[in-house]
S.K.: 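Submitted below is the structure of interest, expressed as structure tokens.
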There are 2 protein chains.
Amino acid sequence: QGTRDHPPAQAALRDRLLSAVVSCFKRHGAAAIDTPVLELRETLMGKYGEDTKLIYELQDQGGELLALRYDLTVPFARYLAMNKITNMKRYHVAKVYRRDNPATTRGRYREFYQCDFDIAGQFDPMIPDAECLKIVHEILSDLQLGDFLIKVNDRRILNGVFAVCGVPESKFIPACSTVDKLDKVPWEEVRSEMVGEKGLSPEAADRIGEYVQLHGGLDLIERLLQDPKLSQNKLAKEGLGDMKLLFEYLTLFGITGKISFDLSLARGLDYYTGVIFEAVLLQQENEHVEEPVSVGSVAGGGRYDGLVGMFDPKGRKVPCVGVSIGIERIFSILEQRLEASGEKLRTTETQVLVATPQKHLLAARLKLISELWDAGIKAEMLYKKDPKLLKQLQYCEDTGIPLAAIVGEQELADGVVKLRDVPTREEVRM
Amino acid sequence: QGTRDHPPAQAALRDRLLSAVVSCFKRHGAAAIDTPVLELRETLMGKYGEDTKLIYELQDQGGELLALRYDLTVPFARYLAMNKITNMKRYHVAKVYRRDNPATTRGRYREFYQCDFDIAGQFDPMIPDAECLKIVHEILSDLQLGDFLIKVNDRRILNGVFAVCGVPESKFIPACSTVDKLDKVPWEEVRSEMVGEKGLSPEAADRIGEYVQLHGGLDLIERLLQDPKLSQNKLAKEGLGDMKLLFEYLTLFGITGKISFDLSLARGLDYYTGVIFEAVLLQQENEHVEEPVSVGSVAGGGRYDGLVGMFDPKGRKVPCVGVSIGIERIFSILEQRLEASGEKLRTTETQVLVATPQKHLLAARLKLISELWDAGIKAEMLYKKDPKLLKQLQYCEDTGIPLAAIVGEQELADGVVKLRDVPTREEVRM
């Protein structure tokens with residue numbers, strides 16, 4: 001349940017998509033790493049907040065207690081700490097596992113690919129963070145998925161907001177996960193969850209509401225830097241200062257047109273410590289819809305400066321920032337688009353079919369195809385002793401093989417091969 | 001335990017190796033598929049004989065009972081049956097899981113890659129089987145692993161041998177797994193296991209010993225076809241007839257020089273029904289060793305005509321033959337060879353580092369690198385506001401970046417970039 005086989009047409013489309021993503025990661029100088037699908041159970045515990053219950057655990061069959069990785073970020077942090085690496089730019093494309101309620105039509109599975117790019121190391125503020133946003137911008141533009149928006153916020157700003165609104169520190173994380181729902185439900189519902197389930201005072205909730213419904217650009221950042229309450233809060237001030245720097249860098253990259261500083265963005269995971277972001281596709285505008293509507297997140301990430309330290313025996317920190325591309329949702333969109341277009345993706349790369357027009361010529365086919373393979377040419381033949389020529393040509397048309405190399409009795413006698421261009425039916429002897 | 005992280009240098013080498021294997025599979029017209037790492041527990045049960053105990057089971061957390069795949073063959077058969085596919089040539093490169101005793105120096109892990117190529121469908125005998133052997137020959141030749149030998153046998157011949165030696169049919173499979181040890185231990189030990197653990201009569205064991213120590217080529221096949229006992233056995237006769245045909249096809253492929261018909265080859269898995277084969281690397285000859293010695297299996301496979309039917313509700317059979325490349329052992333060899341050569345594999349593909357020679361030029365670097373990325377050029381910069389030029393050039397040398405694009409105050413004023421060839425230190429303004 002919640003998993004799927006990828007038949008050849010899907011596997012070919014997925015390969016095309018993954019290589020577009022990987023080529024962007026390589027363009028930004030990342031090296032590949034790979035880590036096991038299995039992690040120690042204790043490595044994953046306490047990293048995912050409420051979602052810890054979604055982790056797949058392996059049966060205790062003697063030996064270590066194991067679980068399937070839930071994402072690629074925690075294994076990366078574990079890898080850095082284990083190998084005492086303090087500086088690294090890596091990408092990792094691999095499957096992760098979540099015992100979630102699958103919603104396969106929207107591309108939500110229990111086994112799915114993640115494509116992660118992360119920068120670890122102590123650097124000057126916001127330079128790597130800006131690069132992560134540039135990467136999201138490049139990938140979503142390259143894939144031509146239509147209009148998109150990258151929402152940006154900072155955990156320090158959120159925590160500052162909670163503090164100046166009178167929320168006790170112990171309730172920052174629960175308040176955060178409630179705010180995170182603002183992209184799906186209206187403020188009234190979020191407010192009542194804050195007051196009801198999360199136990200915030202109605203006044204605090206109302207004050208929070210004034211902030212988290214704001215979104216904008218540099219102007220909003222400047223305004224909040226002047227805000228009489230927020231400007232008094234150390235965390236918020238730091239976060240806003242860095243946000244301003246980030247926007248300066250994004251301006252140099254020329255991508256602020258698709259970036260929105262959005263105070264409602266919170267992201268669910270516990271481990272974020274600074275900048276957080278999420279990219280959403282906007283529904284194509286049409287006559288019936290006045291404003292573009294979000295159709296779901298296709299990338300997300302942020303800064304997690306404390307995670308590596310959790311795996312280091314001495315708690316040494318390695319600051320990190322990274323991005324994860326939501327390949328499955330993008331894949332669903334591309335798949336639907338391909339289906340609508342009626343285009344048929346080839347699932348093999350075969351260049352030539354070796355064929356014979358008469359009986360008793362299997363030996364000639366085997367000799368010729370062996371020569372072609374040895375010359376690096378992608379070649380196939382039918383696995384029949386005496387296939388009909390029509391069947392062989394039909395196979396070319398069905399699978400998109402462009403050429404047929406035909407050896408008949410006459411060709412054998414003359415020491416030539418007849419090469420047929422399948423679509424045009426033109427033939428040459430060579 | 002028994003798993004490993006692949007740091008960048010290993011990941012780069014593994015990518016190189018996997019793409020050599022995949023390009024051979026594509027050369028033979030195979031399409032890619034992907035199946036989940038998780039399978040239903042019942043799918044895997046009863047397919048691997050004694051090794052079923054090595055399957056990783058997931059904890060029962062509610063819902064289906066799951067396990068991690070043990071190989072890629074059983075999932076492929078399940079996929080064919082589930083989708084009622086009767087005809088397919090596919091490859092699959094993915095990780096599999098075995099709770100075995102790891103022997104990491106010899107490349108034996110609990111999580112490891114398999115690279116499988118399989119042909120499913122009802123075809124004329126031995127044509128797809130011969131192609132599988134050709135593929136092993138191509139891959140091992142391409143990778144320049146040194147001398148190798150591909151041992152071939154047929155389960156029908158083995159069963160025929162057991163029958164004419166007086167072994168009851170119920171003991172064919174246990175006898176098979178004992179014979180399979182002949183490449184590691186001398187005949188005397190195998191014989192005593194047969195008589196002791198497996199309960200064969202000493203006479204039967206001795207008769208088996210006369211057959212299973214034979215190996216050769218077409219001449220041996222001809223001799224056994226005349227063998228007064230074997231020629232009376234229907235299964236053995238069929239197997240020997242097909243083996244003869246196989247050698248004819250391999251002769252046309254020009255690869256019989258590396259193929260040995262070896263009656264001691266049995267292979268452990270339950271599901272094989274016809275041809276079986278295994279490739280071993282031979283130790284390089286040197287003064288001290290007269291005959292080349294096997295250093296372990298690097299590929300294996302065979303025909304399994306009954307497996308798909310086990311997953312079909314009506315038991316409809318789809319004949320299959322396939323090969324699995326033992327990528328981990330090959331990887332170990334290549335890794336040791338690379339280490340010995342002292343060659344350093346680049347782990348990134350960065351073409352140019354964007355650098356500045358003075359302070360306060362971060363904006364210029366950000367603007368230039370953004371232009372390069374947008375033009376599809378692989379570019380990096382240091383994540384410092386004001387890095388020293390020497391540090392920037394040192395980074396190029398450490399990571400093998402061939403070019404540095406330098407923008408200083410003069411270049412900015414002149415509207416040019418100074419492009420430096422890092423190894424030669426030559427510079428041009430452009």
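Throughout, a chain's letter reflects where its sequence line sits, starting with A, and its residues are numbered from 1.
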S.K.: If you count every heavy atom of other residues, nucleotides or ligands that lies below 6.0 Å from A/Arg16 atom CZ, does the total exceed 12?
M.R.: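 Open.
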S.K.: Please list, in residue-number order, every residue in residues 247-255 of chain A that has a heavy atom less than 4.5 Å from any heavy atom of chain B; write 'none' if there are none.
M.R.: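 Those residues of residues 247-255 of chain A which have a heavy atom under 4.5 Å from chain B are A/Tyr249, A/Leu252, A/Phe253.
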S.K.: Please classify the contact between A/Ile119 and chain B as side chain, backbone, both or neither, with a heavy-atom cut-off of under 4.5 Å.
M.R.: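 For A/Ile119, the contact with chain B is made by the side chain alone.
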S.K.: As an exercise, state the distance from CG of B/Leu66 to CZ of A/Arg99, rounded to the nearest 0.5 Å.
M.R.: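 Output value for this atom pair is 9.5 Å.
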S.K.: Do you know which of B/Ala31, B/Pro36, B/Gly29 has the most heavy-atom pairs under 4.5 Å to chain A?
M.R.: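 If we count pairs closer than 4.5 Å to chain A, B/Pro36 comes out on top.
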S.K.: What's the separation between atom CD in A/Glu138 and atom OG in B/Ser370, rounded to the nearest 0.5 Å?
M.R.: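 Here the interatomic distance stands at 7.5 Å.
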S.K.: Indicate the atoms forming the closest heavy-atom contact of B/Arg78 with A/Asp5, along with that distance.
M.R.: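 Closest heavy-atom pair between B/Arg78 and A/Asp5: NH1-OD2, 2.7 Å.
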S.K.: If you round to the nearest 0.5 Å, how far is NE2 of B/His28 from OG1 of A/Thr350?
M.R.: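 Reported to 0.5 Å precision, the distance equals 10.5 Å.
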S.K.: Working to the nearest 0.5 angstrom, can you tell me the gap between B/His137 NE2 and A/Trp373 CH2?
M.R.: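 Rounded to the nearest 0.5 Å, the NE2-CH2 separation comes out at 13.0 Å.
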S.K.: Relative to chain A, which of B/Ala130, B/Pro7, B/Ala11 shows the most heavy atom pairs under 4.5 Å?
M.R.: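 Most heavy-atom pairs under 4.5 Å with chain A: B/Pro7.
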S.K.: Got a second to check how far B/His6's NE2 is from A/His92's NE2, nearest 0.5 Å?
M.R.: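 The distance works out to 9.5 Å.
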S.K.: Work out which heavy atom in A/Asp386 is nearest to a heavy atom in B/Asp124; give both atom names and the distance.
M.R.: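 What the structure gives for the nearest pair is N-OD2, 4.5 Å.
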S.K.: Identify which part of B/Met82 has an atom lying under 4.5 Å from any heavy atom of chain A, answering side chain, backbone, both or neither.
M.R.: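 The side chain, not the backbone.
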S.K.: Check A/Gln59 against B/Arg41 and note the closest heavy-atom contact, atom names and distance.
M.R.: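 The pair with the smallest heavy-atom distance is OE1-NH2, 3.2 Å.
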S.K.: Under a 4.5 Å heavy-atom cutoff, which of B/Glu131, B/Lys367, B/Arg4 has the most pairs with chain A?
M.R.: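 Result: the option with the highest number of such pairs is B/Glu131.
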S.K.: Are the side chain of B/Glu57 and the backbone of A/Gln61 linked by a donor-acceptor contact shorter than 3.5 Å?
M.R.: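 A pair under 3.5 Å: no.
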S.K.: Output the option from A/Glu349, A/Met126, A/Arg346 having the highest count of non-hydrogen pairs under 4.5 Å with chain B.
M.R.: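 If we count pairs closer than 4.5 Å to chain B, A/Glu349 comes out on top.
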S.K.: Check each atom of A/Ile85 against the heavy atoms of chain B and say whether the ones under 4.5 Å are side chain, backbone, both or neither.
M.R.: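 A/Ile85 has no heavy atom closer than 4.5 Å to chain B.
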S.K.: Is there a side-chain contact between B/Lys134 and A/Asp374, using heavy atoms and a 4.5 Å cut-off?
M.R.: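 Touching, per the 4.5 Å side-chain cut-off.
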S.K.: If you take all heavy atoms of A/Lys89 and B/Glu380, which pair is closest and at what distance?
M.R.: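 That closest heavy-atom pairing would be NZ-OE1, 2.8 Å.
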S.K.: Is A/Ile55 in contact with chain B via its backbone, its side chain, both, or neither, using a 4.5 Å heavy-atom distance?
M.R.: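 Contact with chain B involves the backbone of A/Ile55 alone.
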S.K.: Against chain B, label A/Gln122 side chain, backbone, both or neither, depending on which of its atoms sit under 4.5 Å from a heavy atom there.
M.R.: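 Just its backbone gets close to chain B.
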S.K.: Can you establish whether the number of heavy atoms outside A/Lys384 located under 6.0 Å from its atom NZ is more than 12?
M.R.: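 Yes, NZ of A/Lys384 has more than 12 neighbouring heavy atoms, counting only those of other groups under 6.0 Å.
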S.K.: What part of B/Tyr97 gets within 4.5 angstrom of chain A, counting heavy atoms only: side chain, backbone, both, or neither?
M.R.: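 The side chain, not the backbone.
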S.K.: Give, as side chain, backbone, both or neither, the part of A/Tyr113 having an atom under 4.5 angstrom from any heavy atom of chain B.
M.R.: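 When you check distances to chain B, only side chain atoms of A/Tyr113 fall under 4.5 Å.
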S.K.: Quick check: do B/Ile127 and A/Leu362 have side-chain heavy atoms less than 4.5 Å from each other?
M.R.: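 Yes, side chains in contact.
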S.K.: Side chain, backbone, both or neither: which part of B/Ala32 has an atom under 4.5 Å from a heavy atom of chain A?
M.R.: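 Interface part for B/Ala32: both.
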S.K.: Considering only heavy atoms, which portion of B/Gln10 lies under 4.5 Å from any heavy atom of chain A: side chain, backbone, both, or neither?
M.R.: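 Neither part.
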S.K.: Between A/Thr35 and B/Lys95, which heavy-atom pair has the shortest distance, and what is it?
M.R.: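 Closest heavy-atom pair between A/Thr35 and B/Lys95: O-NZ, 3.2 Å.
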S.K.: Rounded to the nearest 0.5 Å, what separates atom OG1 in A/Thr348 from atom CZ in B/Arg90?
M.R.: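 The distance works out to 15.0 Å.
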S.K.: Heavy-atom distance under 4.5 Å to chain B: side chain of A/Ala363, backbone, both or neither?
M.R.: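 Its backbone and side chain both get close to chain B.
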S.K.: Using a 4.5 Å cut-off on heavy atoms from C-beta on, say whether the side chain of A/Leu38 contacts that of B/Arg110.
M.R.: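 Side-chain contact under 4.5 Å: no.
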S.K.: Tell me, out of B/Leu40, B/Leu366, B/Thr3, B/Asn83, who's got the most heavy-atom pairs with chain A below 4.5 Å.
M.R.: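 When all of B/Leu40, B/Leu366, B/Thr3, B/Asn83 are compared, B/Leu366 has the most.
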S.K.: Please rank A/Glu111, A/Arg27, A/Lys378 by heavy-atom pairs under 4.5 Å with chain B and give me the top one.
M.R.: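 Heavy-atom pair counts peak at A/Arg27.
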S.K.: Tell me, for A/Leu68 versus chain B, whether the close heavy atoms (under 4.5 Å) come from the side chain, the backbone, both or neither.
M.R.: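 Only the side chain of A/Leu68 comes within 4.5 Å of chain B.
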S.K.: Is it true that a side-chain atom of A/Arg14 and a backbone atom of B/Asp34 form a donor plus acceptor pair closer than 3.5 Å?
M.R.: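 Side chain of A/Arg14 to backbone of B/Asp34: no pair is present.
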S.K.: I'd like to know whether NZ of A/Lys344 has more than 12 heavy-atom contacts from other residues, nucleotides or ligands below 6.0 angstrom.
M.R.: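 At most 12 heavy atoms, drawn from other residues, nucleotides or ligands, come within 6.0 Å of this atom.
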S.K.: Side chain, backbone, both or neither: which part of A/Glu371 has an atom under 4.5 Å from a heavy atom of chain B?
M.R.: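 For A/Glu371, no heavy atom lies under 4.5 Å from chain B.
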S.K.: Is there a donor-acceptor pair closer than 3.5 Å between any side-chain N or O of B/Glu64 and the backbone N or O of A/Gln1?
M.R.: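 Between the backbone of A/Gln1 and the side chain of B/Glu64 there is a qualifying donor-acceptor contact (under 3.5 Å).
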S.K.: If you look at every heavy atom in A/Met88 and B/Pro8, which pair is closest and at what distance?
M.R.: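 Smallest heavy-atom distance, with atoms named: CE-CG, 3.3 Å.
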